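What you see is a predicted model; the values in this text were computed from it and never measured.
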Amino acid sequence: MSSELAAGSTQEFVTRIGGRIRALRKQRGWSVQQLAEAAGLSRRMLTDIELGQANPSLGTVDRVARALDTDFAALALPERDTADEEVEGTLVWQGPDGSQALLLGATGDPRAELWRWTLAPGGAYHAEPDRPGAQEIHHVLSGRLTLMLESGPHLLAPGQSTVIASDQQYAYRNEDTQPVVFVRVVTGA
């Protein structure tokens, strides 16, 4: 399954990310080429992202965020009017089977992101490694989550939690017949 941003991740979401990337690039006084090189992208891809004409993967957005010395959440989350405002989450990824990832919120320092994921039966998400030292906490609310790690698969049932190093190749899988819903906290990414 693709790790691209939500297919209907609404044009508003893709446009928001592109606009923020462009603004931060200009604040640094960087050309498109300079940021593209720093993020390991082609100039064309970065231009398409800034214009809201590309649907980049979560990993691509994360690489651009790192090159700009910020994080994924700073690019992805909408501006909020008040700190007390309740938010249901920002749809960031959606698979063709209805699997999805919602970014619920984030902190600045230390950096941490709170996510709610749902994987349909047979659903999967293949992640790119995060920065060295990055970690994720997973807590399964319902269903059974299989974490595919370099050391092998790790199965979590409802109510179970684990911490993994996310600076490795890893994937989430639902090998069951029921959807799996889990909470994910990312630190150090």
(message) Using a strict threshold of under 4.0 Å (side-chain N to carboxylate O), is an ion pair present between Arg43 and Glu37?
(response)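 Result for this pair is no, no salt bridge flagged.
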Please report the shortest heavy-atom distance between [X] and [Y], naming the atom on each side.
{"X": "Ser166", "Y": "Gln135", "value": "OG-N, 3.6 Å"}
{"X": "Ser99", "Y": "Ala120", "value": "OG-N, 2.9 Å"}
{"X": "His154", "Y": "Leu149", "value": "CB-CD1, 4.3 Å"}
{"X": "Val140", "Y": "Ala157", "value": "CB-O, 3.5 Å"}
{"X": "Leu75", "Y": "Arg16", "value": "O-CG, 4.2 Å"}
{"X": "Leu46", "Y": "Val32", "value": "CD2-O, 3.3 Å"}

Could you check whether any side-chain N or O of [X] sits under 3.5 Å from a backbone N or O of [Y], counting only pairs where one atom can act as donor and the other as acceptor?
{"X": "Arg173", "Y": "Gly123", "answer": "no"}
{"X": "Asn174", "Y": "Gln178", "answer": "yes"}
{"X": "Asp167", "Y": "Pro129", "answer": "no"}
{"X": "Gln168", "Y": "Ala165", "answer": "yes"}

(request) Please report the C-alpha distance between Glu128 and Tyr170 in whole Å, then the side-chain angles of each, then the deciding distance to 0.1 Å, and finally whether the side chain to side chain donor-acceptor pair (under 3.5 Å) criterion is met. (result) CA-CA 7 Å; Glu128 294 180 29; Tyr170 63 102; over 6 Å; no
(message) Less than 4.5 Å apart, side chain to side chain, heavy atoms only: is that true for Glu150 and Gln169?
(response)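 A side-chain contact exists here, since the closest heavy-atom pair is under 4.5 Å.
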(request) Report yes if some heavy atom in the side chain of Leu103 is under 4.5 Å from a heavy atom in the side chain of Phe72; otherwise report no. (result)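 Side-chain contact under 4.5 Å: yes.
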(request) Please determine if Arg184 forms a cation-pi arrangement with Trp115, meaning its NZ or CZ atom is less than 6.0 Å from the six-membered ring centre and no more than 45° off the ring axis. (result)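 Yes.
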